[in-house]
Visitor: 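Quick one: structure below, then a few questions.
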Amino acid sequence: MSKTEPIILGIESSCDDTSIAILKNQTLLSNVTASQKVHEEFGGVVPELASRAHQSNIVPTLNKALKDANVAINEIDAIAVTKGPGLLGSLVVGVSFAKGLAMANNIPIIGIDHMQAHILAHFIKQPNKDFNAPKFPFLCLTVSGGHSQIIKVNNYFEMELIGQTKDDAAGEAFDKISKMLGLPYPGGPHIDRLAKLGDPKKYVFPISNMPAYNYSFSGIKTAVMYFLQKQLKNDPNFIKNEINNICASVQFTIIKMLLQKLKKAARATNTNEIAISGGVAVNSELRNQIRVLSAKHNWNTYFPEMQFCTDNGAMIAIAGHFKYLNKNVDTINLVPDARLKFF
Amino acid sequence: MSETINIANTNELSKVVNRVKQHYTPKYQVILLKGDLGTGKTTFTKKLLESLGVKEDVSSPTYTLVNEYKTPENSSIFHFDLYRLNKPEEALDMGWYDYLDSGNLCLVEWPEILESYLPNEFLLLEINKIDNEETSRQFKLSEYPKDFS
């Protein structure tokens, strides 16, 4: 028996973050990611890289998500959980926990593809906020620490991979270059911040030339490394003095690569509905550049709110919502798949 | 024993790949890859996996920590990147021993943090630039434990 206005609980534990959210009829009631604050209020530990951290975080995160949503566990209609791709040990924690909850409450479990969920994050509604989602079919650029993909989205369930990175992800290039510059991990936000003070055209780094709509971000990482080595030989304070210009130039180049292929894909598929998702979608310059492009090419562009860009439970819950309404639920035999490929 | 192979550019990488594939992968389950950022650890892994028949794209596991690939014989190959780990225990938490116990080939980038959890036998591949040139590389292959006899 399924409801038309279901309450869905979404659990995400595929990588670093433990996050749980509750949606009622597509509308967000709560979205909680394990953090110092959850730790203070409900116990558990600050996120670190480990399935053990997920294990100690998951119960406090659930309790806070239920409390914030003002929902009792027996009001939940289905549990959506990331089944892959991701780190197996971390996925197992989320899936096993979801199974326990589903069995105890006699409700269905719904396995979700993490990459599909990043895209469906655009369809999360919020109370008292305008809802403006992309219209099918649209192109989605998903950029994060682990992924750089262009996907054609035909409907909630049918998606085609048009292009992707053949080596490093864009977010990884940000992180590794920031490490060379002595900035803390994760480096994307630091580069974004310093780039605002620098000249994006001061230094020129190579643009990778990949076939079709594919990306490569390994080359810029190496190019920046040689560039820094060379400059540091002449001037040991080069990084210190030039960090803003280096950050601005690196960011400019990475964004240029991302957008070149996106433009090409938009032209080839004759699409002007363009959505961006994933952790790198919070980058302010990427957002600026896309706004410029959308004015020029008459695109309608869509960015999820920051909390729905990074890994989060709400995107898992929204993907679960659509699968639930489509009566596409799993059984208790659901197993995580670290190598899951939706596309 | 150990040996050194110099190459002028990535086109010659097959020399190293063939040597490792013919001589070492049948003997060693664990291959450690040491080298600075951008020396070509992932590029080497790509070429090796390609020559072992892996059909999928091999991409960097920095964010995912470990990627799994299948050979045509349907056995798994695990490609690790432990760059993001801060403590050795995190390697255990992510299931390092489970991957080891699987008996499958494990290639490990940034393995320094694993030091106390290494098996008795492994192959170490150290990649260094030659004269700080952009394309040439020196690959040093060393078998462990070292034979002191």
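Heavy-atom basis, side chains included; hydrogens, waters and symmetry copies ignored. Reminder, nothing fancy here: chain letters follow the sequence lines and each chain counts from 1.
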Visitor: Find the distance between NZ (B:Lys70) and CZ (A:Arg339) and round it off to the nearest 0.5 Å.
Guide: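 The CZ atom of A:Arg339 is 6.0 Å from NZ of B:Lys70, to the nearest 0.5 Å.
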Visitor: Tell me, side chain or backbone of A:Lys230 under 4.5 Å from chain B's heavy atoms, or both, or neither?
Guide: neither
Visitor: Which of residues 16-36 of chain B get closer than 4.5 angstrom to chain A, counting heavy atoms alone?
Guide: none
Visitor: Mind ranking A:Ser14, A:Ala169, A:Ala223, A:Gly146 by heavy-atom pairs under 4.5 Å with chain B and telling me who comes out on top?
Guide: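 So the answer, after comparing A:Ser14, A:Ala169, A:Ala223, A:Gly146, is A:Gly146.
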Visitor: Are there residues of residues 207-221 of chain A whose heavy atoms fall under 4.5 Å of chain B's heavy atoms? If so, which?
Guide: A:Lys221
Visitor: How far apart are the closest heavy atoms of A:Lys176 and B:Leu37, and which atoms are they?
Guide: CD-CD2, 3.5 Å
Visitor: Got a salt bridge between A:Asp175 and B:Arg84, using NZ or NE/NH1/NH2 to carboxylate O under 4.0 Å?
Guide: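 No, A:Asp175 and B:Arg84 are not salt-bridged.
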Visitor: Tell me whether B:Asn120 at atom CG has more than 12 heavy atoms from other residues, nucleotides or ligands lying less than 6.0 Å away.
Guide: no
Visitor: Check this for me: B:Glu115, atom CD, are more than 12 non-hydrogen atoms of other residues, nucleotides or ligands nearer than 6.0 Å?
Guide: no
Visitor: What's the verdict on side-chain contact (heavy atoms from CB on, under 4.5 Å) for A:Leu88 and B:Glu68, showing C-alpha distance, side-chain angles and the deciding distance?
Guide: CA-CA 10 Å; A:Leu88 191 59; B:Glu68 180 182 357; over 6 Å; no
Visitor: For A:Val282, which residues count as a side-chain contact (heavy atoms from CB on, under 4.5 Å) partner, sequence neighbours excluded?
Guide: A:Met306, A:Cys309
Visitor: To the closest 0.5 Å, what do you measure between NE2 (A:His147) and OG1 (B:Thr64)?
Guide: 7.5 Å
Visitor: Going from CG on A:Asp167 to OG1 on B:Thr62, what distance comes out if it is rounded to the nearest 0.5 angstrom?
Guide: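 That separation rounds to 10.5 Å.
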Visitor: Using the ring of A:Tyr226 (Phe, Tyr or Trp, six-membered ring only), decide whether B:Lys129 places NZ or CZ under 6.0 Å from its centre and within 45 degrees of its axis.
Guide: no
Visitor: Which members of residues 38-53 of chain B, sorted by number, sit under 4.5 angstrom from chain A on a heavy-atom basis?
Guide: B:Gly38, B:Lys46
